[in-house]
Enquirer: 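Have a look at this one before I ask anything.
Residue numbers begin at 1 in each chain, while the letters A, B, ... track the order of the sequences.
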Protein chains: 2
Amino acid sequence: MLEDVDARIVAALAEDGRCSFTELAERIGLSVSAVHQRVRRLERRGVITGYAALVATEQIGLPLTAFVSLTPVDPSVPGDHPAVLARFREIEACWAVAGLESYIVKVRVASPSALEQLLGRIRAAVAVSTRTTVVLSTAFEHRQVVPVPDAPGPQVALDGAAVDGAPLDGSTAR
Amino acid sequence: MLEDVDARIVAALAEDGRCSFTELAERIGLSVSAVHQRVRRLERRGVITGYAALVATEQIGLPLTAFVSLTPVDPSVPGDHPAVLARFREIEACWAVAGLESYIVKVRVASPSALEQLLGRIRAAVAVSTRTTVVLSTAFEHRQVVPVPDAPGPQVALDGAAVDGAPLDGSTAR
DNA sequence: ACTGAAATCCGTAATCG
DNA sequence: CGATTACGGATTTCAGT
């Protein structure tokens, strides 16, 4: 787990990945060099694994998002499915999951017909049957889940329901 | 859609969101000010919607990821479900989807019991039944899907299968 | 582990082509 | 739309506590 100061740094960088060390230091209440030192340590420890620009996929000609669940045709033949799936540009993420299906991948394509073609290529490449769930709209995505222990916590009722407009984060009062 | 230069800038920033304008300019082969100008334009146009540090959730005490599909108990009562769901810290993403269920949310929690409690709170807050798929492992995530038109393209066979070790991105030769 | 200072590098805007 | 210039501010390192 994370210490308070580190958690606040991670939360700040998760929200604004290009935040300067100077601004970060002001927000956290430490010197620039101390913050710098901690960020580098968080990177080395693998807490922060990288930085990314968030791209509106609709704006770059990929307006269709879908989740595709994969079920191997012959489960006795293993093979490194994720490695094969990683070679599809259209696949943004790949999870191995518990349940009827073995994998879920998230894909971004230009059109229904591009989706159809992609599904065909996936089935051919990894010998799976697919089940596809088309995304109608993205309410939010890439949101950050970093717990910030020292932040003034929301008032939370005993059953875990938030009292007013506070986040329903299930955190305990302290 | 995007112009070649913009696409390469977006791709570079998607891969390294903290990349300096100086380094970006070198990679793209433009002056710093030209790149600067283009990045600002991409931000203004909403192509780049933000920057984020990528955080290893296992490292911050949230090792359990799951997808939860939500089906409203009474579909005739609408209400702004995404807005309610957004108030749960544990929910990282929320999509409205086509199919039997209405929404899919991605959650990150500390443990199976934390998941159980979260599901209870979700069902209570938005009056849905839930179906949960636990993630066993994340092969990859947050990968970038930005098409880079001018990059030396992979040799692709007519059926769309890559010839050698190139990405199976279905791009056409030019 | 944090601070403060020094040297270098970068971001930003203005100006010109 | 891109290059050059110039200055203020940021990054990074290091010595000190």
Enquirer: dT12(C) C1' sits how many Å from Arg18(A) CZ, rounded?
Expert: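 Atom CZ in Arg18(A) sits about 13 Å away from atom C1' in dT12(C).
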Enquirer: Rounded to the Å, how far apart are Phe21(A) CZ and dC10(C) P?
Expert: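 Phe21(A) atom CZ is separated from dC10(C) atom P by 14 Å.
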Enquirer: Answer with base, sugar-phosphate or nothing: what part of the nucleic acid does Ser20(A) contact at a heavy-atom distance below 4.0 Å?
Expert: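 Here Ser20(A) touches the backbone only, sparing every base.
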Enquirer: Salt bridge between Arg38(B) and Glu3(B), side-chain N to carboxylate O under 4.0 Å?
Expert: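 Yes.
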Enquirer: Can you tell me whether the side chain of Ser33(B) and the base of dT4(D) have a donor-acceptor pair closer than 3.5 Å?
Expert: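 Yes.
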Enquirer: Please report the distance, rounded to the nearest Å, between CZ in Arg40(A) and C1' in dC2(C).
Expert: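 Answer to the nearest Å: 17 Å.
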Enquirer: Return no unless some side-chain N or O of Arg38(B) is found under 4.0 Å from OP1 or OP2 of dG2(D).
Expert: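 Yes.
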Enquirer: Distance check needed: dA10(D) P versus Gln37(A) CD, whole Å only.
Expert: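 It works out to 20 Å between those atoms.
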Enquirer: For a quick check, tell me whether the side chain of Thr22(A) and the base of dA10(D) share a donor-acceptor pair closer than 3.5 Å.
Expert: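 When only heavy-atom distances are counted, Thr22(A) does not reach the base of dA10(D) through any donor-acceptor pair under 3.5 Å.
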Enquirer: Let me know the distance between CD of Glu23(B) and C1' of dT12(D), rounded to the nearest Å.
Expert: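 In whole Å, dT12(D) C1' lies 16 Å from Glu23(B) CD.
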Enquirer: Using 4.0 Å as the upper bound for N to carboxylate O, is an ion pair formed by Glu101(B) and Arg131(B)?
Expert: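 Answer for the salt bridge query: yes.
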Enquirer: Would one find more than 12 heavy atoms of other residues, nucleotides or ligands at under 6.0 Å from atom CD of Glu141(B)?
Expert: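 Yes.
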Enquirer: Is any side-chain N or O of His36(A) closer than 4.0 Å to OP1 or OP2 of dT12(D)?
Expert: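 So the side chain of His36(A) is within the cut-off, an N or O lying under 4.0 Å from OP1 or OP2 of dT12(D).
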Enquirer: Return the nearest nucleotide to the side chain of Arg41(A); candidates are dA1(C), dC2(C), dC1(D).
Expert: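 Selected nucleotide (nearest to the side chain): dA1(C).
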Enquirer: For the side chain of Leu30(B), starting at C-beta, report the closest nucleotide among dC2(C), dT12(D), dG2(D).
Expert: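 Per side-chain heavy atoms of Leu30(B), the pick is dG2(D).
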Enquirer: Expressed in angstrom and rounded to an integer, what is the separation of Asp4(B) atom CG from dG2(D) atom P?
Expert: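 Rounding to the nearest Å, CG of Asp4(B) and P of dG2(D) are 12 Å apart.
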Enquirer: Give the rounded distance in Å between these two atoms: CG of Leu24(A) and C1' of dT12(D).
Expert: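 Rounded to the whole Å, the gap is 15 Å.
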Enquirer: Can Glu92(A) and Arg143(B) be counted as an ion pair, charged N to O under 4.0 angstrom?
Expert: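 No.
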Enquirer: Would you call Arg27(B)-Glu15(B) a salt bridge at under 4.0 Å N-O?
Expert: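 Not counted as a salt bridge, because no side-chain N and carboxylate O are separated by less than 4.0 Å.
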Enquirer: Write down the distance between CD1 (Ile28(B)) and C1' (dC1(D)), rounded to a whole number of angstrom.
Expert: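 Roughly 16 Å, once rounded to whole Å.
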